Amino acid sequence: MSLREYLKEKRIDQIEDDEKFCNEEYEAIMEYCTEQKFLITDDDLMCIIDRGLNDSYEYRRSEYIRDLWMDFDDVPMNPDTECIEEEWSGFTAGTHREEIWTWFEETYGISVAKDLMGL
């Protein structure tokens, strides 16, 4: 389901009270993006931009990625092999940390070294 369909299903554009509309629209969009793990389509992003919520989206996306990275930081890792010792976010135990770092970079278009190290 696309974001446009999701908002239509939630009847967001039918809310008449301005304050309630703004709150419900924001919450619905962020809920959708979180459910999608912030891996949304170009059409979804255009919908967010058209609604004037791009800055909020980018902020929440950055928070999501940071929190995911912090979660990864808690995964036990063998110091000799640099492989995780338990399953994490779809990666099996035994996956090398660099494979996961590459996944972060390719999936979210970020640099692990510049954007996530030192958090």
Side-chain angles (χ1 to χ4, degrees):
M1 172 183 307
S2 73
L3 176 57
R4 292 180 200 279
E5 294 167 333
Y6 183 79
L7 295 173
K8 187 175 182 177
E9 183 178 284
K10 290 203 163 266
R11 304 168 57 107
I12 296 298
D13 291 329
Q14 294 177 352
I15 299 171
E16 293 184 20
D17 178 84
D18 288 342
E19 184 175 346
K20 183 176 181 183
F21 168 78
C22 289
N23 290 334
E24 295 287 328
E25 176 191 44
Y26 174 82
E27 290 302 322
I29 288 172
M30 294 309 143
E31 179 180 290
Y32 174 86
C33 291
T34 301
E35 288 174 5
Q36 300 299 314
K37 299 181 180 182
F38 284 83
L39 302 174
I40 62 171
T41 66
D42 289 343
D43 185 56
D44 290 342
L45 183 58
M46 286 309 302
C47 179
I48 292 167
I49 292 168
D50 290 346
R51 288 173 174 270
L53 291 171
N54 191 48
D55 289 344
S56 295
Y57 164 78
E58 289 296 336
Y59 177 79
R60 291 285 294 268
R61 180 180 180 273
S62 294
E63 278 188 328
Y64 179 85
I65 295 167
R66 184 196 73 229
D67 291 347
L68 189 61
W69 178 256
M70 299 302 281
D71 186 53
F72 172 60
D73 193 44
D74 291 336
V75 176
M77 190 174 304
N78 181 314
D80 296 325
T81 64
E82 296 186 332
C83 294
I84 59 175
E85 295 180 325
E86 60 186 45
E87 188 270 331
W88 177 81
S89 195
F91 292 97
T92 59
T95 303
H96 194 274
R97 70 169 170 79
E98 287 186 12
E99 182 178 336
I100 298 170
W101 287 8
T102 300
W103 173 82
F104 266 100
E105 292 180 333
E106 291 176 355
T107 301
Y108 290 106
I110 51 107
S111 166
V112 166
K114 287 174 44 177
D115 301 324
L116 299 175
M117 291 296 201
L119 289 179

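Note that the coordinates shown come from a computational prediction; the quantities given were computed from them, not determined experimentally.
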Visitor: Please report the closest heavy-atom contact between Y26 and S56, naming both atoms and the distance.
Guide: CE1-CB, 3.6 Å
Visitor: Without placing hydrogens or testing angles, list every side-chain donor-acceptor pair under 3.5 Å for residues 84-91, not counting sequence neighbours.
Guide:
unit_1, atom_1, unit_2, atom_2, d
E87, OE2, G90, N, 2.9
W88, NE1, D71, OD2, 2.7

Visitor: If every non-hydrogen atom of I110 is compared with every non-hydrogen atom of D115, which pair is closest and at what distance?
Guide: CB-OD2, 3.3 Å
Visitor: Return the CE to CG distance between M46 and D43, rounded to the nearest 0.5 Å.
Guide: 8.5 Å
Visitor: Minimum heavy-atom separation for C83 and G94, please, with both atom names.
Guide: SG-O, 3.3 Å
Visitor: Please check if Y32 and Y59 belong to a single hydrophobic cluster, counting links between Ile, Leu, Val, Met, Phe, Trp and Tyr side chain heavy atoms closer than 4.5 Å.
Guide: no
Visitor: Let me confirm one number: the CD1-OG1 distance from I100 to T107, rounded to the nearest 0.5 Å.
Guide: 11.5 Å
Visitor: Hey, are the side chains of L3 and I29 touching, using non-hydrogen atoms and a 4.5 Å cut-off?
Guide: yes
Visitor: With a cut-off of 6.0 Å (strictly less than), are more than 12 heavy atoms of other residues, nucleotides or ligands near CG of D50?
Guide: yes
Visitor: Treating R60 as the side-chain partner and T34 as the backbone partner, does any N or O pair qualify as donor plus acceptor under 3.5 Å?
Guide: no
Visitor: May I ask you to test the I48-I40 pair for a side-chain heavy-atom distance under 4.5 Å?
Guide: yes
Visitor: Give, for atom CE of M30 and atom CD of E35, the distance between the pair rounded to the nearest 0.5 Å.
Guide: 13.0 Å
Visitor: Not counting sequence neighbours, which residues clear ring pair (Phe, Tyr, Trp, His ring centres under 6.0 Å) with F38? List them please.
Guide: Y57, Y64
Visitor: Is E5 reaching over with its side chain to a backbone N or O of S2, donor-acceptor style, under 3.5 angstrom?
Guide: yes
Visitor: Applying side-chain contact (heavy atoms from CB on, under 4.5 Å) to E25 and L53, what does each step give before you reach the verdict?
Guide: CA-CA 9 Å; E25 176 191 44; L53 291 171; 3.9 Å; yes
Visitor: Before you tell me yes or no, could you show the steps for F72 and W69 under ring-ring contact (aromatic ring centres under 6.0 Å, His included), namely the whole-Å CA-CA distance, both residues' side-chain angles and the distance that decides it to 0.1 Å?
Guide: CA-CA 5 Å; F72 172 60; W69 178 256; 5.5 Å; yes
Visitor: Let me check something: any side-chain donor-acceptor pairs from residues 15-24 under 3.5 Å, sequence neighbours excluded? List them with distances.
Guide:
unit_1, atom_1, unit_2, atom_2, d
D17, OD2, E19, N, 3.3
D17, OD2, K20, N, 2.8
N23, ND2, E19, O, 3.4

Visitor: How many angstroms lie between atom CG of D67 and atom OG of S62, to the nearest 0.5 angstrom?
Guide: 10.5 Å
Visitor: Less than 4.5 Å apart, any side-chain heavy atom of L116 and any of W101?
Guide: no
Visitor: How far apart are the closest heavy atoms of R51 and I12, and which atoms are they?
Guide: NH1-CG2, 4.4 Å
Visitor: Rounded to the nearest 0.5 Å, how far apart are CG of N78 and CZ of R97?
Guide: 12.0 Å
